[in-house]
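Bear in mind the structure is a predicted one, so any value in this text is a computation, not a measurement. For reference, positions follow the sequence shown, starting with 1.
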Amino acid sequence: SLVLLWTPQAQFAGYYVALDKGLYRKHGVDMTILRGGPDRDPLQDVRDGRAEFAVLWLTTALAGIDQGVPLTHIEQIINRSNLALVGWKDRGIRTVKDLDGRRVSLWVQFAPPFLTFFKANDVKPVIIPQNYSINLFLRHGVDACSMMRYNEFHMLYQAGAEPDALTAFFLSDLMGYPLPEDGLYCLADTWRARPDVCRAVAAASLEGWQYAAAHPDEALDIVMKYVHEGHVPNYPASHGCIRLPSGYAKTLFGMTERGFHVIVSDAPVAPMPIAHANLFLPLKPLPAEPLMSDIELRPTVKRQTSEAYE
């Protein structure tokens with residue numbers, strides 16, 4: 001099994017693609033991917049035997065080794081840090097020194113690079129735990145927060161934050177070295193006992209990333225399948241998003257396209273008239289022609305051919 005750093009998202013596209021396209025199986029590995037998140041520590045999962053492999057940052061792995069966890073690094077995927085700190089200018093955050101004594105939210109399990117950054121710049125902020133969302137920062141509950149260049153940074157803009165209102169500190173740019181992030185790790189005992197399996201996991205994972213880079217749209221569809229079944233907080237089960245078992249999700253995604261309307265029912269679907277004394281009544285007489293709700297629905301999608309849906 002392989003435990004990831006966070007909940008399903010494009011950061012782990014290569015691993016999901018390798019699983020979905022049968023690349024692990026091709027290399028002789030029966031792989032199960034376990035989600036990460038703020039409620040889960042991949043380092044502890046590997047140490048305690050709940051997973052054989054983990055995606056870890058180099059800084060996290062080094063901290064784990066210092067704590068007595070005998071890790072072996074079998075593959076490096078992300079060679080340059082995407083970590084950033086973002087602060088509100090209206091809170092006086094314009095330089096790194098302005099973080100001293102201020103409230104800064106951090107992901108606890110990803111704190112080492114930030115703590116190193118603070119120490120190198122001789123600042124001592126008040127650390128507040130950061131979980132899934134950046135809502136605390138958006139509500140000005142903290143003066144600055146941790147972010148990834150490819151994720152939360154864009155979420156800020158989507159939430160309406162103006163770029164001119166923010167000060168961003170990109171750690172790899174300011175610290176002068178790349179701070180490698182996602183890599184594959186296992187216990188040293190696992191490497192010594194089964195080096196061929198470790199090499200197979202590394203090879204299949206890399207093939208997954210290469211396929212994802214060559215087929216980004218397909219990779220996105222694969223990732224979103226796991227997002228829908230993975231109980232990701234930003235994709236709640238209400239408001240039109242439903243949870244599907246992995247096998248059925250794959251079938252459904254193969255039958256449909258993006259934007260396709262899907263009705264999930266345990267019985268055939270047909271329009272039904274609804275009448276009740278407490279419902280609103282039309283002010284004008286009903287037209288003679290059929291209402292939209294009375295028009296026959298298109299046939300249920302059963303399978304997709306190369307030319308049309310049948």
Side-chain angles (χ1 to χ4, degrees), residues 1-37 40 42 51 53-57 74-83 132 147-155 157-158 180-185 199-236 240-262 301 303-306 309:
S1 56
L2 168 64
V3 60
L4 304 179
L5 277 167
W6 207 247
T7 53
Q9 58 185 25
Q11 179 182 355
F12 312 113
Y15 310 110
Y16 287 123
V17 167
L19 182 65
D20 197 79
K21 303 298 291 185
L23 301 179
Y24 288 117
R25 188 168 55 252
K26 185 186 81 171
H27 285 268
V29 178
D30 182 12
M31 180 61 76
T32 299
I33 293 182
L34 307 175
R35 71 156 183 86
R40 189 166 203 161
F53 301 93
V55 175
L56 299 172
W57 288 353
I74 63 173
E75 186 171 55
Q76 186 62 39
I77 300 297
I78 306 299
N79 297 316
R80 183 176 184 274
S81 176
N82 291 280
L83 283 175
Y132 284 104
M147 296 199 167
M148 301 300 288
R149 188 190 297 259
Y150 52 74
N151 195 343
E152 289 83 5
F153 205 68
H154 297 278
M155 291 168 62
Y157 296 149
Q158 292 170 353
E181 290 179 350
D182 299 17
L184 279 176
Y185 294 82
R199 293 188 182 97
V201 169
S205 299
L206 186 58
E207 281 188 38
W209 278 110
Q210 291 168 338
Y211 189 95
H215 307 84
D217 289 339
E218 183 182 355
L220 177 60
D221 287 339
I222 291 172
V223 171
M224 289 308 298
K225 180 188 71 174
Y226 289 97
V227 168
H228 278 271
E229 70 177 58
H231 297 269
V232 178
N234 288 338
Y235 294 86
C241 190
I242 59 175
R243 306 297 179 204
L244 301 173
S246 179
Y248 182 68
K250 184 175 182 179
T251 300
L252 182 62
F253 271 65
M255 293 162 51
T256 58
E257 296 179 350
R258 282 186 220 168
F260 206 86
H261 292 282
V262 176
V301 173
R303 67 185 179 89
Q304 181 184 1
T305 66
S306 58
Y309 290 99

Quick one: closest heavy-atom pair of Ala213 and Pro216, and the distance? O-CD, 3.8 Å
Between Leu56 and Leu5, the two heavy atoms sitting closest are CA-CD2, 4.1 Å
With a 4.5 Å cut-off on side-chain heavy atoms, are Tyr211 and Ile222 touching? no
Return the minimal non-hydrogen interatomic distance between Ala202 and Leu184, and the atom names on each side. CA-CD1, 4.2 Å
Step by step, would you call Val55 with Val3 a side chain to side chain contact (heavy atoms under 4.5 Å, CB included)? CA-CA 6 Å; Val55 175; Val3 60; over 6 Å; no
Test of understanding: with side chain to side chain donor-acceptor pair (under 3.5 Å), list the residues that count as partners of Gln210, not counting sequence neighbours. none
Please report the C-alpha distance between His215 and Lys21 in whole Å, then the side-chain angles of each, then the deciding distance to 0.1 Å, and finally whether the side chain to side chain contact (heavy atoms under 4.5 Å, CB included) criterion is met. CA-CA 12 Å; His215 307 84; Lys21 303 298 291 185; over 6 Å; no
Could you grab the distance from atom CZ of Phe12 to atom OG1 of Thr7, nearest 0.5 Å is fine? 7.5 Å
Quick one: list whatever passes side-chain contact (heavy atoms from CB on, under 4.5 Å) with Leu83, sequence neighbours left out. Trp57, Ser81, Trp107, Pro113, Phe114, Met148, Leu171, Glu181
Set of residues satisfying side chain to side chain donor-acceptor pair (under 3.5 Å) with respect to Gln9, sequence neighbours excluded: Gln11, Asn151
Restricting to non-hydrogen atoms, name the atom on Tyr15 and the atom on Trp209 that form the minimum distance, rounded to 0.1 Å. CZ-NE1, 3.6 Å
Using side chain to side chain donor-acceptor pair (under 3.5 Å) as the criterion, list what pairs up with Glu207, not counting sequence neighbours. Lys26, His27
On the 0 to 90° scale, with breaks at 30° and 60°, tag the Tyr226-Tyr16 ring pair as parallel, tilted or perpendicular. parallel
Arg25: what forms a salt bridge (Lys or Arg N to Asp or Glu O under 4.0 Å) with it, not counting sequence neighbours? none
Starting from the C-alpha separation in whole Å, work towards a yes-or-no answer on side chain to side chain contact (heavy atoms under 4.5 Å, CB included) for Val201 and Leu2. CA-CA 9 Å; Val201 169; Leu2 168 64; 5.7 Å; no
Side-chain donor or acceptor of Gln76 paired with backbone N/O of Asp182 under 3.5 Å: yes
Those residues at least two apart in sequence (or on a different chain) that pass side chain to side chain donor-acceptor pair (under 3.5 Å) with Tyr24 are Ser205
Which pair of non-hydrogen atoms, one from Pro8 and one from Arg35, has the smallest distance, and what is that distance? CD-CB, 4.3 Å
Between Ala204 and Ala18, which heavy-atom pair has the shortest distance, and what is it? O-CB, 3.5 Å
